[in-house]
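Written out below as structure tokens is the structure these notes cover.
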2 protein chains.
Amino acid sequence: MRRVLLIPKMDSMTSPVAQATRGPVTRKDVARYAGVSTAVVSYVVNKGPKKVAPATEAKVQDAIRVLGYRPNAAARALKLGSTETIGLVIPDNGNPFFSLLAHAVEDAAAELGYALLLTNSDGNLTKERRNIRNLASRQVDGVILSSVLMEPDLADLESADIRTVLLNHSADAPGFNSVGVDLFAGAKSAVEHLIGHGHTTIALAMGTNAGNFLDGREQGWLQALTEAGLPEGPIVRSLFTRAGGYAAGQRLLASAIQPTAIFASSDMQAIGIMRALHEAGRSIPDDIAIAAFDGSEEAEYTWPPLTTVKQPAQAMAKAAVSALIGGRRNVNSEHLIFPTTLQVRQSCGCRRI
Amino acid sequence: MRRVLLIPKMDSMTSPVAQATRGPVTRKDVARYAGVSTAVVSYVVNKGPKKVAPATEAKVQDAIRVLGYRPNAAARALKLGSTETIGLVIPDNGNPFFSLLAHAVEDAAAELGYALLLTNSDGNLTKERRNIRNLASRQVDGVILSSVLMEPDLADLESADIRTVLLNHSADAPGFNSVGVDLFAGAKSAVEHLIGHGHTTIALAMGTNAGNFLDGREQGWLQALTEAGLPEGPIVRSLFTRAGGYAAGQRLLASAIQPTAIFASSDMQAIGIMRALHEAGRSIPDDIAIAAFDGSEEAEYTWPPLTTVKQPAQAMAKAAVSALIGGRRNVNSEHLIFPTTLQVRQSCGCRRI
DNA sequence: GTGAAAGCGCTAACAT
DNA sequence: ATGTTAGCGCTTTCAC
């Protein structure tokens with residue numbers, strides 16, 4: 001890389017004009033400047049718990065402005081036992097679904113005056129544990145965990161006494177609050193849509209979950225097939241990534257029974273599959289139709305645009321945050337399941353209106 | 001949504017087995033349990049600044065484990081004046097480029113034992129300011145700012161006494177450390193590549209920046225054209241988003257002079273443009289070739305795969321973090337410019353090997 | 001309506 | 001090698 005400028009720091013003899021006290025301004029400075037006690041400053045800053053005379057308040061506000069005072073959150077946290085911060089543990093902020101979720105969580109938290117400590121576990125259980133522990137030691141008021149695992153036995157260990165809600169978790173988790181979507185119904189609706197287009201051999205491109213629960217998406221796919229009296233199509237398993245989907249697509253193309261439609265358990269996988277299909281010269285949706293699960297924005301811009309089962313990420317994030325720090329914190333094991341909506345585009349065979 | 005389980009919290013009469021002291025375990029508890037002073041516990045936990053006898057250390061470690069002690073970061077931060085936390089302000093974590101950057105920043109920070117407070121400003125200056133202020137009051141040790149603006153006059157105001165480095169900032173910023181890429185050279189190389197394919201009418205799809213600096217990408221595009229003796233192609237301006245690109249693409253298709261190639265200032269815009277092109281039945285790259293700037297993973301999976309100028313996000317993130325909290329914190333205005341690499345795929349007209 | 005002061009959990013200088 | 005203790009900036013009870 002090229003270094004453009006390299007100006008040594010000028011001696012920090014900052015002009016001691018109105019603000020003689022160099023270094024952070026504390027509540028004490030404000031009190032002195034305003035000619036009141038430190039308690040009063042607190043009352044003003046926090047609008048309570050005691051009332052202050054309007055005149056006094058004005059003086060304090062003035063001092064605050066002049067001195068450029070900003071309360072020290074660390075001290076406040078120490079005193080109050082709350083950092084007004086929540087932690088978020090996701091597998092990978094590079095994955096559009098999770099980055100959207102993270103953004104939504106940030107918004108929801110900010111609305112309540114909470115900040116967000118973001119950590120990625122990179123699909124790595126060890127890292128996930130470390131992140132949780134780290135967040136706990138940082139006194140976050142709670143953590144939202146999008147676990148690598150289906151059954152977060154780990155949370156049992158680590159979270160011990162820290163409030164936790166499982167996000168993007170669609171199985172039951174005794175002892176935990178959790179929020180997720182109805183994977184089963186969502187997948188089923190997508191596969192039924194594919195069946196509606198006349199497909200009879202519908203493959204499943206499933207993501208690999210650590211854990212031995214049967215994923216709702218797999219069940220939904222199967223159920224739709226069964227109810228329609230259709231045979232179980234081929235299954236390929238891969239990571240929940242574009243690259244995983246790409247590989248899965250190639251395997252599917254090489255398999256004995258060729259599906260005429262594919263249901264993918266995530267948009268990312270579908271996108272990888274579509275690339276494999278394009279490269280092989282197959283037309284989508286005419287040779288092979290495809291539908292997926294997630295509803296990320298990226299799915300709107302693939303070619304052809306991807307029909308996908310949309311998860312209400314904002315709502316889920318909001319629910320997770322409010323389960324964590326909203327009212328009713330005393331509930332211990334509540335499982336919120338959000339419905340999905342099928343977003344019909346052209347990859348399934350539907351035409352533009 | 002559907003509520004599945006709703007089990008009321010069981011009375012928190014947790015078994016007081018080995019751990020009578022309910023509530024958070026403090027260093028005092030550990031000291032008492034281990035039969036040492038609190039100072040010794042500190043020495044053990046922090047591996048210094050004094051040495052402790054191996055036997056004592058073992059006792060303390062034991063107490064820590066048994067009691068499940070975890071240091072209180074808030075107290076530590078108050079005492080030390082450092083939270084070991086940095087703040088990141090980005091326009092939108094939903095944008096793949098920024099989510100990648102955020103992930104990279106998190107990694108780099110974690111490596112140094114720092115946590116990451118993430119905030120989105122949603123392209124909104126007011127929000128950006130609020131975020132910075134909020135981070136400052138939370139005593140972060142520094143903030144990495146990917147500003148909405150080209151000239152962060154604001155930082156002047158807000159960051160006042162908080163260490164700041166500008167990330168993804170390719171213009172000079174006196175008084176600030178910053179890291180960015182060589183927009184000019186990157187854009188120029190992409191346009192030259194397009195020229196190499198024989199194109200003579202090359203449009204520019206530029207993102208809209210608040211600020212009156214001429215973007216390096218625009219200059220690079222122009223320079224490549226000029227050097228090749230080519231006329232300036234049409235310019236369309238839009239947001240740095242897929243939707244922005246889509247609209248830009250439609251405008252381009254409707255314009256008087258039809259380009260045979262387009263250079264887009266971001267992958268997102270290129271992706272939107274490609275959709276517009278596909279919908280209009282234009283073939284890429286045969287009817288219209290396209291190249292872009294950013295090098296996000298998504299560009300690898302468009303159809304056809306997008307030729308794009310790759311920014312070294314990890315390296316940039318690492319540099320930003322180390323400028324903030326690594327050694328040499330005393331440098332005040334250093335501008336790091338990273339080189340880009342042209343990632344040639346098929347959207348420009350190159351064929352698969 | 002305002003102020004004095006205790007103490008949140010921790011670190012480290014200073015004693016022993 | 002270990003212990004004592006002041007104090008980081010804040011909130012809030014209790015006195016006035």
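Quick note on labels: first sequence line is chain A, next is B, and so on, each numbered from 1. Worth saying up front: this structure is predicted, and the values here are computed from it rather than measured. These numbers come from the heavy atoms of this one structure, side chains and all, not from hydrogens, waters or symmetry mates.
- Look at NZ on B:Lys47: it is 16 Å from P on C:dC10, rounded to the nearest Å.
- The structure places CG of A:Asp122 at 10.0 Å from CG of A:Asn93, a figure rounded to the nearest 0.5 Å.
- Using a 4.0 Å heavy-atom distance criterion, A:Val45 is classed as making no nucleic acid contact.
- Picking from C:dC10, D:dC10, D:dG3 the nucleotide with the shortest atom distance to the side chain of A:Lys79 gives D:dC10.
- The phosphate of C:dT2 (OP1 or OP2) has a side-chain N or O of A:Thr56 nearer than 4.0 angstrom.
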- Item | Trace of the side chain to side chain contact (heavy atoms under 4.5 Å, CB included) decision for A:Glu111 with A:Asp107 | CA-CA 6 Å; A:Glu111 208 161 292; A:Asp107 282 348; 5.7 Å; no
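- Counting to the nearest Å, the P atom of D:dT11 and the CD atom of A:Glu84 are 11 Å from each other.
- B:Leu78 has its CG atom 11 Å from the C1' atom of C:dT11, to the nearest Å.
- A side-chain N or O of A:Arg138 and one of B:Thr85 form a donor-acceptor pair less than 3.5 Å apart.
- Among the protein residues, A:Leu80 comes within range of the sugar-phosphate backbone only, with heavy atoms under 4.0 Å from sugar or phosphate atoms but none that close to a base.
- Residue B:Ala75 is the one, among B:Tyr43 and B:Ala75, whose nearest nucleotide of DNA chain C lies closer to the 5' end (criterion: closest heavy atom).
- At C:dT11, one or more side-chain N or O atoms of B:Asn46 fall inside 4.0 Å of OP1 or OP2 (strictly under the cut-off).
- Heavy-atom distances to DNA chain C give each of A:Ala53 and A:Arg27 a nearest nucleotide, and the one nearer the 5′ end belongs to A:Ala53.
- At least one side-chain nitrogen or oxygen of B:Arg76 sits closer than 4.0 Å to the OP1 or OP2 atom of C:dT11.
- One atom, CZ of B:Arg70, and another, C1' of C:dC10, lie 16 Å apart when rounded to the nearest Å.
- For a distance-only test at 3.5 Å, the side chain of A:Lys50 fails to qualify as a donor-acceptor partner of the base of D:dT12.
- Between B:Lys59 and B:Asp62 there is no salt bridge, since no side-chain N of the basic residue sits under 4.0 Å from a carboxylate O of the acidic one.
- A close approach under 4.0 Å does not occur between any side-chain nitrogen or oxygen of A:Thr26 and OP1 or OP2 of D:dG9.
- Side-chain proximity of A:Tyr69 to D:dC10, C:dC10, D:dG9: nearest is D:dC10.
- In terms of phosphate contacts, B:Ser42 brings no side-chain nitrogen or oxygen within less than 4.0 Å of OP1 or OP2 of C:dC10.
- At least one side-chain heavy atom of B:Ile86 sits less than 4.5 Å from a side-chain heavy atom of B:Val321.
- Note on A:Lys28: nothing from the nucleic acid sits closer than 4.0 angstrom, heavy atoms only.
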